[in-house]
Protein chains: 2
Amino acid sequence: MARPRAFDQSTALDAATQRFWAAGYAATSVRDLGESMGLSQASVYNAFGDKRALFTQCLDHYLDANMRARITRLEPSLPPRQAIETFLHEIVERSLENRLGCMLANAAQEVAPHDTVIAAIIAERMGELESFFRRCTEAGQRAGAIAASVDPIATAQLLLTTVMGLRVLARGYPLRDLLEGAARQALSVLGSPTTQPTERNTP
Amino acid sequence: MARPRAFDQSTALDAATQRFWAAGYAATSVRDLGESMGLSQASVYNAFGDKRALFTQCLDHYLDANMRARITRLEPSLPPRQAIETFLHEIVERSLENRLGCMLANAAQEVAPHDTVIAAIIAERMGELESFFRRCTEAGQRAGAIAASVDPIATAQLLLTTVMGLRVLARGYPLRDLLEGAARQALSVLGSPTTQPTERNTP
DNA sequence: GTTGAATTGGAGCGTTCGCTACAGAATTAT
DNA sequence: ATAATTCTGTAGCGAACGCTCCAATTCAAC
């Protein structure tokens, strides 16, 4: 019983997310966001609340579309060790495609220290990623692809740290050799494959 | 033959660095900086140039006083493997003391993508840290404390990535257990100590 | 003591910031 | 049609931004 929106909420959120992702919170103005979304400032405020509220929606949107989507895509479809390996390799490739890094890491550095609500979101999502790595490590051990001597908790902690580190390097030191070497060495803590998960079975 | 400065340049640079470190580039105003330094805006511009020039001086100042100082303190005084271990442990402790993270990592994320000059500084300093880890790894291998099978280049790349990752987590997910676990697992790529560098010699 | 160069604080430049008031346009319920 | 309700663009609010001008001040050189 009223005038409907002339724009698609999700598309607009995508555009805003891209802006925040590229330039960060402080350096992105609401006018910039409106321009990217094709909206006037008034519509932005009407549809999304204030700048901070829009940012949290963008952050959630980004994390659902990227990190969580990657987890839910890889975890059920790949053997656990390969899921870990593929996750890291995809992060490396994405980091080399564009130098935007990871909006989660960016937000953790820029926003989290000064905003407890956003900090809680970030901590929760980092916990999700850590849990993914731990589940995969444990499942890999049960499947025999990862040595039982590996500590799943510390491994998940290192892998989470590595992902965040790769995202920083993507912005400040984006060399393929560096990112690939770091990822490969991080994966080496899983030990030599007890089976050959990435190759076809060779009798 | 003129009026001398009423403030100490280095002390003022310290104060400005602290501000930039805590709040980042965009969120720190020149008025904030002047207040921290005890200077009027005019004096800031007179002594340090514009905001961007001041930032680069602060970044250099920070890196000399922290990263480079830590390298030059640890590398000559400790066995190479211990130098690496101590470096990471100090990073963990510093990260838990305050949640400011690392100004290098912060700048890499916020400033580097939009400023090629600062990006070059950041890349150079990251290269320095990477070299430190590589030198120590190679020296540790010569001394027999690190297995010869370890790849020094990839190891240095992982350690650099880990340091950056730890600094992000310090801001967004600052749990001691997490940081210590990640550091311990990263160090595990050096392999089991062939000698016991951290303990006294036990016959 | 005089001169001259550099520093200092205050005022203010123009611009942009986040945000809002308001009037008109658009759509559904009646 | 009319009314009710929501969206949209324009204009503009006060505040803060980076930066600069300028008169007053300070101290070394002479």
Side-chain angles (χ1 to χ4, degrees), chain A residues 1-59 106-107 110-118, chain B residues 1-59 106-107 110-118:
Chain A
M1 55 167 151
R3 177 177 176 180
R5 294 242 160 89
F7 63 94
D8 179 60
Q9 186 108 356
S10 174
T11 306
L13 211 54
D14 271 334
T17 301
Q18 201 70 25
R19 274 279 193 169
F20 274 133
W21 189 2
Y25 182 82
T28 304
S29 73
V30 179
R31 284 169 181 83
D32 292 336
L33 294 164
E35 192 182 350
S36 291
M37 295 190 273
L39 299 179
S40 69
Q41 267 195 90
S43 294
V44 174
Y45 279 92
N46 181 54
F48 300 99
D50 63 7
K51 183 184 178 184
R52 180 167 162 276
L54 175 55
F55 183 79
T56 66
Q57 293 174 67
C58 287
L59 186 57
N106 298 353
E110 183 187 3
V111 186
H114 315 294
D115 190 315
T116 57
V117 174
I118 294 180
Chain B
M1 55 167 154
R3 177 177 176 180
R5 296 239 159 90
F7 64 93
D8 178 62
Q9 186 107 356
S10 174
T11 306
L13 212 53
D14 271 333
T17 301
Q18 201 70 24
R19 275 278 193 170
F20 275 132
W21 189 2
Y25 182 82
T28 304
S29 73
V30 179
R31 284 170 181 83
D32 291 337
L33 295 164
E35 191 182 351
S36 291
M37 295 190 273
L39 299 178
S40 70
Q41 269 195 90
S43 294
V44 174
Y45 280 91
N46 180 54
F48 299 101
D50 63 7
K51 184 185 178 183
R52 180 167 162 277
L54 175 55
F55 183 79
T56 65
Q57 293 174 66
C58 286
L59 186 57
N106 298 353
E110 183 187 3
V111 186
H114 316 293
D115 190 314
T116 57
V117 174
I118 294 179

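Hydrogens, waters and symmetry mates are skipped; everything else that's a heavy atom, side chains included, is used.
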Closest non-hydrogen atoms of B/F48 and B/A12, given as atom of the first, atom of the second and distance, are CZ-CB, 4.2 Å
In B/T11, B/L54, B/L13, B/D14, the residue satisfying side chain to side chain contact (heavy atoms under 4.5 Å, CB included) with B/M37 is B/L54
Length of the line joining [X]:[atom1] and [N]:[atom2], which is rounded to integer Å:
X     : N      : atom1 : atom2 : result
A/N46 : D/dT5  : CG    : C1'   : 12 Å
B/D50 : D/dC17 : CG    : C1'   : 14 Å
A/Q41 : D/dG12 : CD    : C1'   : 11 Å
B/D32 : D/dG18 : CG    : C1'   : 12 Å
A/L33 : C/dC19 : CG    : C1'   : 13 Å
A/F48 : D/dC7  : CZ    : P     : 11 Å
B/R31 : C/dT16 : CZ    : C1'   : 13 Å
B/E35 : C/dG10 : CD    : P     : 13 Å

Practice problem: Examine D/dC7: is either OP1 or OP2 under 4.0 Å from a nitrogen or oxygen in the side chain of A/S43? Give yes or no. | Solution: no
Checking D/dC17, C/dG9, D/dC19 against the side chain of B/S40 (C-beta onward), the nearest is C/dG9
Among D/dC19, C/dT8, C/dG18, the one nearest any side-chain atom of B/Y45 is D/dC19
*A/S29 near the nucleic acid: base, sugar-phosphate alone, or nothing, with a heavy-atom cut-off under 4.0 Å?*
sugar-phosphate
Between A/G49 and B/L39, whichever has its closest DNA chain C nucleotide further toward 5' is B/L39
Between A/A42 and A/Y25, the residue closer to the 5' end of DNA chain C by nearest nucleotide is A/Y25
Under a 3.5 Å distance rule, please check whether B/E110 uses its side chain to pair with a backbone N or O of B/G24 as donor and acceptor. no
Please check: side-chain N/O of A/D32 versus main-chain N/O of A/S29, any donor-acceptor pairing under 3.5 Å? yes
Within 45° of the six-membered ring axis of B/F20 and under 6.0 Å from that ring's centre, is NZ or CZ of B/K51 located there? no
